[in-house]
Amino acid sequence: MKERLYELKQEALRRIDEAKDVKALNDVRVAYLGKKGPITEVLRGMGALPPGERPKIGALANEVREVIQQALEAKQAKLEQEEVERKLAAEAIDVTLPGRPVRLGNPHPLTRVIEEIEDLFIGMGYTVAEGPEVETDYYNFEALNLPKGHPARDMQDSFYITEEILLRTHTSPMQARTMEKHRGRGPVKIICPGKVYRRDTDDATHSHQFTQIEGLVVDRNIRMSDLKGTLREFARKLFGEGRDIRFRPSFFPFTEPSVEVDVSCFRCEGHGCSVCKGTGWIEILGAGMVHPNVLEMAGFDPKTYTGFAFGMGPERIAMLKYGIDDIRHFYQNDLRFLRQFLRV
Ligand code: PHE
């Protein structure tokens, strides 16, 4: 029986050593230490031994059981450790791998120019107002001193929806709307950016939809010199400190007098180049003193109040500033164009 136990021990230890995983190890455990296992069997057969032998064999059997038990535990711990190591190796993160770049969105170049202009005027105490793109004939024309049948209506070919409703052809209706809200009392000091629509054929310099920024100041003692000082300041901030502006007489039904405003060429400093077409000056906006009829129709007393207004096209300003040669670039969403204006 001694030999049998010795054999069992060797056999069990060998199989434990060979077990490749926890399941195989469990099979060994059941096979050798289970209730129907060979050691239990040896112990059961002890009745046939002489009484003097029994304690020795019993002790030996327990010792064998103990050795197998310990070998099982040691192997179990080793297998588990190996399993953890395998997992760690499989899930290892290579921190030296370069990341996948995330592309950030970016404001449209036109949005940037509009925001830049807004900021300039906010810095001068203006507030930003916005109004409807679908407008009534009254605000788009009549309240601006353009009664029905007025020939100057043809300056702005319009998209009519009904006889009385159209897509606004300029942001000037916001002059009348804003003054009405102030109920005859100044000061009024706003700029109004927004989309406008004209029945034009699209080409390099025309678009049936574009943007404008309107400006309006109404108060007591507002003079043409205030307009000039404001626009000169604006031109210097936007195009550079050395810039100057000049007024040329013009005509708008809602301003009197009216002017076309030029800025000295920022490319050639006024000497004459392709940007200013050799003149040294670049036209950037239309402006004038608010017509007394417009003040009156919107509820302001023209004897007490005067004002100035101006209107500019951010597309034109952006084209000048960035040397863009075709207005259609702004609306085609060609990423090759847009990516040139990434903010760094
Ligand atoms: N509304 C005019 C236009 O679209 C521009 C303008 C605005 C002129 C305000 C004078 C005063 O051409």
Side-chain angles (χ1 to χ4, degrees), residues 114 117-118 121 126 128-133 135-147 150-159 166-179 188-200 205-219 222-232 234-235 245-263 282-295 297-298 300 302 305-317 327:
I114 291 171
I117 295 171
E118 280 177 4
F121 281 102
Y126 288 66
V128 178
E130 283 187 76
E133 290 171 27
E135 188 52 283
T136 60
D137 182 274
Y138 177 77
Y139 284 115
N140 197 79
F141 290 127
E142 260 175 79
L144 297 172
N145 208 26
L146 274 147
H150 193 292
R153 283 194 177 207
D154 297 345
M155 281 163 71
Q156 304 180 355
D157 266 335
S158 321
F159 287 115
L166 73 162
L167 299 179
R168 67 179 176 191
T169 56
H170 50 180
T171 44
S172 300
M174 280 305 284
Q175 290 185 30
R177 284 181 175 274
T178 307
M179 280 191 275
V188 178
K189 211 172 167 187
I190 55 134
I191 57 161
C192 169
K195 291 197 185 83
V196 300
Y197 303 83
R198 288 190 198 176
R199 220 145 48 80
D200 262 329
T205 53
H206 294 84
S207 172
H208 63 283
Q209 182 235 287
F210 56 103
T211 61
Q212 282 193 337
I213 298 179
E214 192 82 7
L216 173 71
V217 173
V218 179
D219 205 349
I222 297 292
R223 291 181 289 225
M224 194 101 176
S225 52
D226 296 316
L227 172 63
K228 195 158 190 181
T230 301
L231 293 179
R232 182 193 286 127
F234 161 74
I245 59 162
R246 73 176 184 186
F247 281 2
R248 278 181 293 113
S250 184
F251 171 77
F252 299 104
F254 32 92
T255 47
E256 182 59 36
S258 301
V259 291
E260 217 102 46
V261 183
D262 299 342
V263 61
I282 304 167
E283 186 197 324
I284 53 163
L285 53 84
M289 301 305 290
V290 181
H291 196 290
N293 290 355
V294 174
L295 287 168
M297 276 187 276
F300 274 76
Y305 284 102
T306 49
F308 65 71
F310 55 85
M312 66 181 98
E315 280 87 347
R316 180 167 165 72
I317 288 172
I327 195 172

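Whatever order the structure lists ligands and atoms in, that order sets their numbers, starting from 1.
For Thr211 and Glu315, the side-chain atoms include at least one donor-acceptor pair closer than 3.5 Å. A side-chain donor-acceptor contact under 3.5 Å links Thr169 and Asn140.
Arg153 pairs by the salt bridge (charged side-chain N to carboxylate O under 4.0 Å, His left out) definition with Asp137, not counting sequence neighbours. Not counting sequence neighbours, the partners of Glu133 by the side-chain hydrogen bond (donor to acceptor under 3.5 Å, both in side chains) test are Tyr197. Qualifying side-chain hydrogen bond (donor to acceptor under 3.5 Å, both in side chains) partners for Ser250, counting only residues two or more places apart in sequence or in other chains: Glu260.
A cation-pi arrangement is found for Lys228 relative to Phe247, the charged atom lying closer than 6.0 Å to the ring centre and inside a 45° cone about the ring normal.
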Pairs under 3.5 angstrom, nitrogen or oxygen on both sides, ligand 1 versus protein: list them out, please.
unit_1, atom_1, unit_2, atom_2, d
ligand 1, 1 (N), His170, ND1, 3.0
ligand 1, 1 (N), Ser172, OG, 2.9
ligand 1, 4 (O), Arg198, NH2, 2.9
ligand 1, 4 (O), Gln212, NE2, 2.9

